[in-house]
Amino acid sequence: MTDTPRPGQATPELSAQYAPGEVEQRRYEQWVADGLFKADAGSDKPPFSIVLPPPNVTGSLHIGHALDHSVQDALTRRKRMQGYETLWLPGMDHAGIATQNVVERQLAADGLSRHDLGREAFVERVWQWKQESGGKILGQMTRLGDSVDWSRERFTMDAGLSRAVLTIFKRLFDDGLIYRAERIINWCPRCLTALSDIEVEHSDDDGELVSIRYGDGENAIVVATTRAETMLGDTAVAVHPDDERYQHLIGTEVELPLTGRRIPIVADAHVDPAFGTGAVKVTPAHDPNDFEIGQRHDLPSLTIMDDHGVITVHGPFLGLDRFEARPAVVAALRAEGRIVAEKRPYMHAVGHCSRCNTTVEPRLSLQWFVRTEPLARAAGDAVRDGRVRVEPPELTKRYFGWVDNMHDWCISRQLWWGHRIPVWYGPNGEVVCVGPDDEVPAGDGWTQDADVLDTWFSSALWPFSTLGWPDETPDLAKFYPTSVLVTGYDILFFWVARMMMFGLYAMDGRQPFDVVMLHGMVRDQYGKKMSKSFGNVVDPLDWIERFGADATRFTLLRGANPGADVPVSEEWVQGARNFANKLWNATRYGLANGATVEGELPTEDLSTVDRWILSRLQHVIGEVDQQFEAFELAKVCDTLYHFAWDDVCDWYLELTKPVLTGDDEAAKARTRRVLGHVLESLQRLLHPIMPFVTEELWTTLTGRPTVVRAEWPTPDKELADDSAEREVENLQRVVTEVRRFRADQGVKPAQRVVARLEGLAAAGLAAHEGLMRSLARLDAAGGDFAATAKLAVGVGVTVELDTRGAIDVAAERARLTKDQAAAEKEAAQCRAKLGNPAFTGKAPEAVVAKIRERLETAEADLARVAAQLEALQ
RNA sequence: GGGCGCGUAGCUCAGUGGAAGAGCACCCGCCUUACAAGCGGGGGGUCGUUGGUUCGAACCCAACCGUGCCCACCA
């Protein structure tokens with residue numbers, strides 16, 4: 001093998017194996033130092049922008065982030081190479097409850113509560129925590145290779161974003177889209193705050209349905225409940241207006257057991273006469289349905305629990321926790337003989353706090369709400385009229401289901417960490433909403449609302465608040481609307497719909513993003529959800545450490561088609577690591593054989609093999625582009641994997657060996673140039689997926705500074721060459737068939753077999769005899785040649801081999817007989833089909849032709865096998 | 001309770017009207033000077049079931065079975 005370094009350049013050296021750890025840190029630091037990820041709002045280039053879904057400040061990088069970020073980075077890096085002015089904006093979410101819980105736990109370790117510190121000191125303490133231990137995840141992002149613009153990092157509580165929050169709150173307030181009201185809300189008795197619908201998770205819990213008789217004699221009415229303790233707050237019993245059984249009771253009163261209170265029996269269409277007894281106890285202060293019934297019938301609301309879920313009424317139960325009160329109330333009722341049916345198990349959906357899993361208590365409470373109806377309608381319309389595209393489209397149904405049925409959004413939280421509600425109450429009942437540039441009311445008796453806003457309120461502003469809104473900044477002008485939002489389908493409703501509502505509202509009807517790309521969840525190799533208790537959780541940092549960031553990314557992206565869950569396993573990441581190594585060694589081969597990227601790509605006198613690989617490359621570029629535009633990153637990975645491994649490594653590199661070790665210097669120079677082009681193109685194509693190894697290889701191969709801003713390949717139609725592709729395919733068939741024969745016959749790979757090739761000229765393969773001999777390890781027939789085996793390989797080429805002493809005739813005959821039977825069956829099927837007038841009459845001509853072709857092939861196979869059998873005699 | 005998916009090789013998944021594919025796993029043979037994290041070869045599926053539409057169905061339709069997810073104020 002010759003070793004001819006490029007003029008004026010030292011021979012680059014690569015070790016035999018790729019060692020990612022050595023490369024990654026060095027490369028990332030250089031990229032940042034060179035400002036390669038920085039966006040320029042003043043550029044003339046077309047914009048491409050993504051805002052990173054802000055991770056919680058309490059979070060650290062888990063495998064789901066790794067997937068999410070890998071997708072965004074791949075999209076961003078490709079667009080950057082395509083010449084777009086590219087911004088990927090990073091940042092974090094202040095994560096109200098989650099963060100407050102973390103700091104409260106720290107305090108609890110010292111025996112303190114947040115109330116011991118007081119509000120101001122507590123918030124100060126949280127900020128301090130954030131400075132010291134928050135935001136670990138941002139550092140971890142560098143390990144993945146995220147090409148984010150660090151100069152634009154934002155935090156939902158920083159000054160600019162807080163101003164955006166105040167601005168939009170004020171605007172919504174003035175438009176009558178924010179209001180304060182007493183409503184049934186989800187209350188977490190542990191976090192001591194209201195929760196929105198999306199912060200409540202439903203699970204089917206075991207409950208017990210008990211039937212209780214209210215009243216006596218003629219007036220008795222039986223109700224059923226799973227929450228017996230709430231009967232203490234009942235202010236009515238409701239029945240369906242048409243329910244025959246209770247006509248005589250409607251409008252009367254009944255005595256509520258244990259309390260001595262008399263409550264009315266009302267008729268309400270909400271009641272399902274078929275469920276239970278058809279009579280419902282009504283507790284307006286502790287059940288959303290009951291609240292509405294209460295509103296319709298002007299019933300009083302009687303609150304029976306405090307913030308902690310402790311009973312506040314009725315002597316015997318006073319001070320009991322809600323779960324203690326339940327059996328206590330049942331026992332007391334039983335003592336009075338009012339339990340008319342034994343308790344029976346009952347599975348029903350119960351809400352739990354998404355932060356601490358405490359059972360949520362529906363509770364009447366004075367809170368702030370966003371009136372979502374007009375906002376949600378606009379959010380739905382933007383998708384309906386095609387301004388925003390959802391990938392995969394199937395998920396639009398879920399999106400509509402959500403935005404079209406949205407309840408008003410409870411936005412006040414009884415927490416201290418967050419954006420404080422900018423409303424002040426005056427001594428005479430004044431309510432003043434204070435915008436960012438307004439004077440805060442001063443004087444005696446003015447107090448600010450104590451609550452803070454739901455965390456999702458500020459994250460809903462993320463696509464524009466991070467770009468400088470409400471100011472008309474160059475960033476906002478250049479990068480809004482953002483190009484694509486990438487996130488998991490699990491937060492389509494939580495977050496995406498809210499960004500749509502606020503984006504359309506704040507930006508005068510302009511959508512926050514053009515495309516929503518939803519990926520799936522990362523799962524284990526059996527498709528199981530990852531969970532700590534199951535022990536199947538993968539730590540991406542561990543994988544990056546052991547297999548490299550590129551291998552980790554490739555493993556994730558290889559499953560990342562829109563909407564699809566992504567199973568991963570250690571075996572698979574090993575495979576990806578092997579792939580990185582394969583690329584590494586292909587480039588090593590190129591470097592050792594003088595592959596070059598200097599000078600024009602030759603077009604004259606190219607070998608068939610060179611024309612073939614260039615043609616394949618054009619197809620691959622086209623395919624990859626299509627797949628990228630459809631966000632089908634799994635397919636991108638698959639296409640490039642097979643091109644790199646099968647076409648380039650297994651065939652092309654092998655096929656260049658005779659030329660590159662030969663002595664035709666002109667031919668060698670051409671192939672070196674083509675080889676250099678193919679390798680560096682492949683590296684550019686793979687860079688969005690595997691940034692580190694491609695950077696290392698590309699810079700080494702080309703001597704240029706970085707592939708990060710290298711030009712993305714475009715297909716060159718001039719280089720497409722069908723005849724070269726066909727020729728090489730035929731060559732491959734010959735080689736493969738001979739290899740198969742050798743393997744079946746147990747001929748050692750190293751053993752040269754003497755052979756004669758016939759029919760090459762007719763098959764158009766005359767020029768490639770040397771290549772085929774080299775790949776199939778066939779020597780030219782010499783003087784004592786005796787054809788002991790004859791191989792017809794299907795493209796009109798016959799190989800006669802001298803395998804004296806090397807083959808097992810009986811085994812080969814058995815195999816050929818099997819082949820013969822298969823070919824006969826195939827031929828028979830095709831003949832039957834072609835003999836069927838219904839088929840030939842109705843099927844498209846192309847299909848019929850295809851069947852004819854199959855028949856020809858089958859017949860040729862039959863002839864081939866027959867010839868081989870004969871030769872074996 | 002409502003809605004949306006899925007069921008293809010041992011595992012994870014592509015394929016969506018023309019006669020079944022990949023990765024890994026498995027079997028056989030090889031340290032053939034880019035790579036043993038490799039090379040060459042191979043076995044393996046009546047495409048959940050049953051009907052229907054069609055010349056033709058993994059693909060379209062219906063029912064059923066299995067399975068997953070989302071939403072949900074029948075006590």
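Below, chains carry the letters A, B, ... as their sequence lines are ordered, and counting in each starts from 1. Just so it is clear, the structure is predicted and the values come from calculations on it, not from any experiment.
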Dump every N/O contact between nucleotides 45-48 of chain B and the protein below 3.5 Å, one line per pair.
none

### Query
Is any side-chain heavy atom of R777(A) less than 4.5 Å from a side-chain heavy atom of R742(A)?
yes
### Message
Using the salt bridge (charged side-chain N to carboxylate O under 4.0 Å, His left out) criterion, which residues pair with R773(A)? Sequence neighbours excluded.
### Response
E769(A)
#### Entry: C1' atoms of G38(B) and G44(B), separation to the nearest Å
24 Å
### Distance between C1' atoms of U8(B) and A20(B) (Å, rounded)
9 Å
#### Entry: Partners passing side chain to side chain contact (heavy atoms under 4.5 Å, CB included) against D744(A) (at least two apart in sequence or in another chain)
R740(A), E812(A), R815(A)
### Message
By nearest heavy atom, map H642(A) and F839(A) onto RNA chain B; which one lands nearer the 5' end?
### Response
H642(A)
### Task
Return the set of residues passing salt bridge (charged side-chain N to carboxylate O under 4.0 Å, His left out) with R326(A) (not counting sequence neighbours), or none when no residue passes.
E229(A)
#### Entry: Stepwise salt bridge (Lys or Arg N to Asp or Glu O under 4.0 Å) check, E361(A) with R227(A)
CA-CA 11 Å; E361(A) 193 62 38; R227(A) 296 197 301 154; 2.9 Å; yes
### Message
Can you list everything that forms a ring pair (Phe, Tyr, Trp, His ring centres under 6.0 Å) with F369(A)? Sequence neighbours excluded, please.
### Response
Y179(A)
Atom pairs and distances, side-chain donor-acceptor, residues 835-852 of chain A, under 3.5 Å, sequence neighbours left out:
| from | atom 1 | to | atom 2 | distance (Å) |
| --- | --- | --- | --- | --- |
| N836(A) | OD1 | A838(A) | N | 2.9 |
| T840(A) | OG1 | N836(A) | O | 3.2 |
| T840(A) | OG1 | P837(A) | O | 3.4 |

### Message
Applying side-chain hydrogen bond (donor to acceptor under 3.5 Å, both in side chains), can you list everything that pairs with D646(A), at least two apart in sequence or on another chain?
### Response
none
### Query
Which base, if any, makes a Watson-Crick or G-U wobble pair with G1(B), both distances under 3.5 Å?
C71(B)
Report each atom pair, protein N/O against N/O of nucleotides 1-10 of chain B, whose distance is under 3.5 angstrom.
| from | atom 1 | to | atom 2 | distance (Å) |
| --- | --- | --- | --- | --- |
| G5(B) | OP1 | K397(A) | NZ | 2.9 |

### Message
Pairing check on G21(B): which nucleotide meets the Watson-Crick or G-U wobble criteria with it, both distances under 3.5 Å?
### Response
C13(B)
### Message
My understanding is that only residues two or more places apart in sequence, or in another chain, count here; which of them pass side chain to side chain contact (heavy atoms under 4.5 Å, CB included) with N561(A)?
### Response
A564(A), E632(A), A634(A), K635(A)
#### Entry: Whole-angstrom distance between G15(B) and U50(B), as gauged at atom C1'
24 Å
Using atom names, set out every protein N or O paired with an N or O of nucleotides 52-54 of chain B below 3.5 Å, distance rounded to 0.1 Å.
none

### Query
Taking atom types as modelled, is there a side-chain donor on T639(A) or Q627(A) under 3.5 Å from an acceptor on the other?
yes
### Task
Could you tell me which residues satisfy side-chain hydrogen bond (donor to acceptor under 3.5 Å, both in side chains) with T225(A), sequence neighbours excluded, listed by chain and number?
none
Each nucleotide N or O in nucleotides 35-38 of chain B that has a protein N or O under 3.5 Å away: list the pair and distance.
| from | atom 1 | to | atom 2 | distance (Å) |
| --- | --- | --- | --- | --- |
| C35(B) | O4' | N585(A) | OD1 | 3.0 |
| C35(B) | O4' | N585(A) | ND2 | 3.3 |
| C35(B) | O2' | N581(A) | ND2 | 3.4 |
| C35(B) | O2' | N585(A) | ND2 | 3.4 |
| C35(B) | O2 | K582(A) | NZ | 2.8 |
| C35(B) | N3 | K582(A) | NZ | 2.7 |
| A37(B) | O4' | N578(A) | OD1 | 2.9 |
| A37(B) | O2' | N581(A) | ND2 | 3.3 |
| A37(B) | N7 | Q17(A) | OE1 | 3.2 |
| A37(B) | N7 | Q17(A) | NE2 | 2.7 |
| A37(B) | N6 | Q17(A) | OE1 | 2.6 |
| A37(B) | N3 | R577(A) | NE | 2.9 |
| G38(B) | OP1 | N578(A) | ND2 | 2.9 |
| G38(B) | O3' | K582(A) | NZ | 3.0 |

### Query
Across all strands, who's sitting opposite G40(B) as a Watson-Crick or G-U wobble pair, both distances under 3.5 Å?
C28(B)
